[in-house]
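Bear in mind the structure is a predicted one, so any value in this text is a computation, not a measurement. Excluded from the calculations below are hydrogen atoms, water molecules and symmetry mates; all remaining heavy atoms, backbone and side chain alike, are included. Numbers here are sequence positions counted from 1.
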Amino acid sequence: MHSHLHTPYNANCEDIMNALDECHARGFLYKVMGNCNETKRQVNKCLAAERYARAKRNREDAKENRKRIEQIWAKERELEKGEAQA
């Protein structure tokens, strides 16, 4: 079982996925003879590229959030030191 492919995350792959759906609609024998294999490879390649780009954006966002949190922690440590010295 795989997840639903037609999602906003995969909008750039919509044309290729529709082509694969059309290929599969031609019938079982057409599909079994390997006539849809190249289209399936293109879908996999496109989805992998989308997933890579999404993961890269997520990593960058996580790094920015981590920097922000570390700055907050540094300020809290400074406040704690100030209170301890007073």
Q) Taking C-beta and beyond as the side chain, do K75 and L79 meet within less than 4.5 Å on heavy atoms? A) no
(Q) Do K31 and C23 have side chains that approach each other closer than 4.5 Å (heavy atoms only, starting at C-beta)? (A) no
Q: To the nearest 0.5 angstrom, please state how far the CD atom of E76 sits from the NZ atom of K81.
A: 13.5 Å
Q) Does the side chain of C36 reach to within under 4.5 Å of the side chain of L20, using non-hydrogen atoms? A) yes
Q: Quick one: which residue pairs count as a salt bridge (charged side-chain N to carboxylate O under 4.0 Å, His left out) with a foot in residues 20-29, not counting sequence neighbours?
A: none
Q.
If the condition is salt bridge (Lys or Arg N to Asp or Glu O under 4.0 Å), which residues does E38 pass it with, not counting sequence neighbours?
A. R41
Q. So which heavy atom on M17 is nearest to which on N10, and how close?
A. CE-O, 3.6 Å
**Q.** Rounded distance [0.5 Å steps], CD1 in I16 versus OG1 in T39
**A.** 9.0 Å
Q) Taking only residues at least two apart or on different chains, which pairs with a member in residues 51-67 satisfy side-chain hydrogen bond (donor to acceptor under 3.5 Å, both in side chains)? A) R66-E70
